[in-house]
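Worksheet: the structure to be examined is printed underneath.
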2 protein chains.
Amino acid sequence: MSQYTSPPILDEHTAAHVAELFRAFSDTSRVRIMSALVTGETNVSALAKIVGVSESAVSHHMRGLRQMRLVTARREGREVFYRVDDEHIIALFQQGVKHIQDE
Amino acid sequence: MSQYTSPPILDEHTAAHVAELFRAFSDTSRVRIMSALVTGETNVSALAKIVGVSESAVSHHMRGLRQMRLVTARREGREVFYRVDDEHIIALFQQGVKHIQDE
DNA sequence: TAAACATCTGAGCATATCTTCATAGGTTAA
DNA sequence: TTAACCTATGAAGATATGCTCAGATGTTTA
């Protein structure tokens, strides 16, 4: 006789990666940076002005987001433009925003 | 003549709430807890065994998740069963998991 | 009521995170 | 080349986070 068993929970390694992904959006400044990038490519100094933090802080955040491949960078002269390439990432972010705005 | 302006970025207050939501899933233990709850109602001691952390640690996590209304609690005798009621929250969580597993 | 069980809570500690400051690296214009 | 500009980096300090430990609270059973 067949028996039902619920799917095993996420293993430590996978769970750590999932947590890392969500952690990318777990900071107010990064959320605002993402909300800017979702509307289009933006460079560091513009992000700093828009979000209201130092260019250094933005740069630090961008390094993390870049390492996680959530954003890509493109150099144009002395400026560096960042963008969100992955539609799934955009959808994930927007879904989080929607949940807050719908409440 | 009409002019296009990109939508303003999220205000500080909204962004803080969005960050708070994502932060709920930004810890390995909480991700594993959520992955268990998604498969069905579970009590604290079971979660502790499954996830591999102390019951106290689970309880602390559940308080946070409860306060954010990401889970609901139901008492049955001396046990407390937790579940994820909100389908949108489940979808958000699963989408994050999917992004990791697809890579 | 007493004892056993399940969960919750606050304090304290170790670690992680975010920001700022100073400075370095890379690019363009004078 | 020098100066100005934009971005990146490392160190340091303040705050946040997650865990453990000890003990409290609530519930059932003997």
Side-chain angles (χ1 to χ4, degrees), chain A residues 9-10 12-13 15-37 41-83, chain B residues 9-10 12-13 15-37 41-83:
Chain A
I9 69 163
L10 294 181
E12 181 84 21
H13 182 256
H17 278 82
V18 173
E20 189 185 20
L21 170 62
F22 283 118
R23 189 156 51 240
F25 303 147
S26 73
D27 171 78
T28 303
S29 295
R30 280 196 300 278
V31 166
R32 299 184 87 202
I33 287 172
M34 288 298 296
S35 79
L37 292 183
E41 230 185 17
T42 317
N43 66 7
V44 174
S45 62
L47 285 171
K49 285 198 191 77
I50 294 172
V51 174
V53 300
S54 71
E55 298 176 351
S56 173
V58 170
S59 193
H60 278 296
H61 285 304
M62 299 325 286
R63 171 165 51 174
L65 295 173
R66 217 170 43 218
Q67 285 174 346
M68 293 189 63
R69 302 181 184 281
L70 299 180
V71 301
T72 58
R74 176 178 69 82
R75 174 148 232 147
E76 188 179 316
R78 38 194 165 196
E79 297 168 293
V80 174
F81 287 85
Y82 285 95
R83 61 178 298 170
Chain B
I9 69 164
L10 294 180
E12 182 84 20
H13 182 255
H17 279 81
V18 173
E20 189 185 21
L21 171 61
F22 283 118
R23 189 156 50 239
F25 303 148
S26 73
D27 171 77
T28 303
S29 295
R30 280 196 300 277
V31 166
R32 299 185 87 202
I33 286 172
M34 287 298 295
S35 80
L37 292 183
E41 230 184 19
T42 317
N43 67 7
V44 175
S45 62
L47 284 173
K49 285 196 191 78
I50 294 172
V51 174
V53 300
S54 72
E55 297 176 353
S56 173
V58 169
S59 193
H60 278 295
H61 285 304
M62 300 325 287
R63 171 165 50 173
L65 294 173
R66 217 170 44 218
Q67 284 174 346
M68 293 188 62
R69 303 180 185 282
L70 299 180
V71 301
T72 58
R74 177 178 68 83
R75 174 150 232 146
E76 187 179 316
R78 37 193 165 198
E79 296 168 294
V80 175
F81 287 84
Y82 286 96
R83 61 178 299 169

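Everything quoted here is computed from the prediction, not taken from an experiment. All chains are named by letter (A, B, ...) in the order of the sequence lines, taking the proteins before the strands, and each is independently numbered beginning at 1.
Contact check, A/Ser54 against C/dT19: no side-chain N or O comes under 4.0 Å of OP1 or OP2. Within the structure, a side-chain polar atom (N or O) of A/Ser45 is placed less than 4.0 Å from OP1 or OP2 of D/dT7. In this model, the phosphate group of D/dA8 is approached by a side-chain N or O of A/Tyr82 to a distance below 4.0 Å at OP1 or OP2. Here A/Arg30 reaches the OP1 or OP2 of C/dC18: one of its side-chain N or O atoms lies under 4.0 Å away. Within the 4.0 Å cut-off from OP1 or OP2 of D/dT9, at least one side-chain nitrogen or oxygen of A/Arg66 is found. Contact check, B/Ser29 against D/dC19: a side-chain N or O comes under 4.0 Å of OP1 or OP2. Here A/Arg23 reaches the OP1 or OP2 of C/dT17: one of its side-chain N or O atoms lies under 4.0 Å away.
Minimum atom distance to the side chain of B/Ala57 is reached by D/dT20, of the listed D/dT20, C/dA6, D/dA8. Among the nucleotides D/dG26, D/dC19, D/dT9, the one closest to any side-chain atom of A/Arg63 is D/dT9. Closest to the B/Arg78 side chain, of the nucleotides D/dA8, C/dA4, D/dT20, is C/dA4.
Heavy atoms from other residues, nucleotides or ligands lying under 6.0 Å from CZ of A/Arg69 number 12 at most.
Within the nucleic acid shown, A/Glu55 comes within 4.0 Å of at least one base atom, counting heavy atoms only. Across all strands shown, A/His61 has heavy atoms under 4.0 Å from sugar-phosphate atoms exclusively, and none from any base.
Tested against B/Val58, the residues B/Thr42, B/Leu47, B/Ile50 include a single side-chain contact (heavy atoms from CB on, under 4.5 Å) partner, B/Leu47. Of the residues listed (A/Arg66, A/Glu41, A/His61), the one engaging A/Tyr82 in a side-chain contact (heavy atoms from CB on, under 4.5 Å) is A/Arg66, and it is the only one.
Between A/Met62 atom CE and D/dC6 atom P the separation is 17 Å, expressed in whole Å. The nearest whole Å value for the distance from the CD atom in B/Glu76 to the P atom in C/dC5 is 19 Å. Rounded to an integer number of Å, the gap from CZ of B/Phe81 to C1' of C/dT7 is 12 Å.
Panel note: side chain A/Arg30, backbone A/Phe25; no donor-acceptor pair is recorded below 3.5 Å.
Mapping A/His60 and A/Val80 onto DNA chain D via the closest heavy atom, the residue that lands nearer the 5' end is A/Val80.
If you check distances only, the side chain of A/Ser56 never reaches the base of D/dT7 with a donor-acceptor pair under 3.5 Å.
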